[in-house]
Amino acid sequence: MANSGPVYYLTFFLGLGLGLVVLELVRRRWLRERYALLWLLTGLFLMLFSWKRSLVEGLARALGIYYAPSALFLLGFFFFLLLNLQYAVALSRQSEMVVRLAQEVALLRQEILELRAESRRRKE
Amino acid sequence: MTSILVIVPAYNEEATVARVVKEVKSFFPEAEVLVVDDGSEDGTAEEALRAGAKVLRLPFNVGVGGAVQAGYLYAQRCGYRVAVQMDGDGQHDAADLPALLAPLLAGEADMVVGSRFLNPHSYRSTPVRRLGIVLLRKLISWLSRQHFTDPTSGFRAVGPELIRFFARHYPYEYPEAESLLLAKRQGFRLREVPVTMRPRQGGVSSLSGWRSLYFMAKVLLAVGVTALRRRERVGADGK
């Protein structure tokens with residue numbers, strides 16, 4: 001990390017902090033492993049690219065970006081897009097499951113009413 | 001006589017739902033009417049019960065697709081051989097039921113859809129909607145390689161295999177057009193018959209103005225993606 005600008009320190013510790021927070025959340029079972037993975041990767045990539053400045057500079061040169069740290073932020077942005085997409089997928093799954101549950105509740109409710117009516121009829 | 005279940009999805013239709021139930025019962029006394037109350041805030045469920053229907057009450061509004069599917073689940077679990085789907089707003093005429101059921105009972109089709117456009121005396125909806133229907137009609141007909149005149153019609157009858165299929169796979173949100181394509185792609189035989197549609201008898205349409213544009217965009221996406229999907233694998237009934 002020698003000779004690098006303060007921004008690299010910032011992103012390195014951001015990545016490290018992110019990774020640690022994610023690990024702690026998983027440890028406390030506040031975050032499921034399946035959603036934690038992408039977050040951990042984000043943190044790792046942030047750290048890796050902050051550490052190996054040549055990686056960022058290579059990437060920036062390849063993309064024609066003059067200010068190398070911008071490449072770092074671009075990468076971060078890309079990861080956040082992925083994370084958001086993961087949430088949209090998870091949300092869709094959840095809403096499908098919620099509808100299924102609602103249907104099941106409606107069917108059970110109806111069955112209870114039927115059974116009640118039947119037992120009332122039997123008593124009479 | 002084959003047992004018939006008439007599924008009526010209803011959301012805030014207390015003004016009309018009882019009339020729909022009674023109408024079906026008077027034309028088809030042997031049919032069971034199942035009103036699926038999609039989380040209504042009004043007295044839809046009570047009105048339906050009073051009119052002699054069975055009622056499924058969804059705990060909150062899940063959209064017409066989810067409501068109709070609840071009906072198919074009920075049909076499957078209770079062993080119905082034929083399920084009819086009919087709107088709760090009184091647009092569909094129970095007098096058309098025999099025409100709708102005929103191809104199904106004769107074994108000529110697995111699904112029969114009532115089309116208002118095959119009938120010259122039927123009610124025509126607003127221009128925006130008509131434009132939407134024309135576009136959708138072209139798209140569905142092209143993708144399914146079968147000519148459909150009224151893909152948004154919610155007046156339809158299906159046999160036992162499709163009851164099972166729809167209980168498992170039914171499109172949510174605005175499912176009429178999409179379910180046609182879905183059934184067609186599974187290899188089911190579809191047929192349209194002319195029916196009369198009346199203007200809605202009360203309540204308000206869930207589709208108006210800008211929302212119908214949003215609806216069109218969503219339907220186009222849904223239908224386009226359905227065409228890209230592989231066939232669903234379903235169990236023992238072979239389809």
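Sequence lines set the chain letters: A, B, ... in the order given, protein chains first and strands last, and positions in each chain run from 1.
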Item to complete: Report, as yes or no, whether the 6.0 Å neighbourhood of atom CZ on A:Phe80 holds more than 12 heavy atoms from other residues, nucleotides or ligands.
Response: no

Response to the item:
Ordered numerically, the heavy-atom neighbours of chain B under 4.5 Å found in residues 90-113 of chain A are A:Glu96, A:Val98, A:Val99, A:Arg100, A:Ala102, A:Gln103, A:Glu104, A:Val105, A:Ala106, A:Leu107, A:Arg109, A:Gln110

Response to the item:
Of B:Val55, B:Val36, B:Asp37, B:Leu56, the largest count of non-hydrogen pairs under 4.5 angstrom with chain A goes to B:Leu56

Worksheet item: If you count the non-hydrogen atoms of other residues, nucleotides and ligands that lie under 6.0 Å from CZ in A:Phe77, is the total more than 12?
Response: no

Response to the item:
If one checks every heavy atom of B:Ala45 against chain A at 4.5 Å, the contacting part turns out to be neither

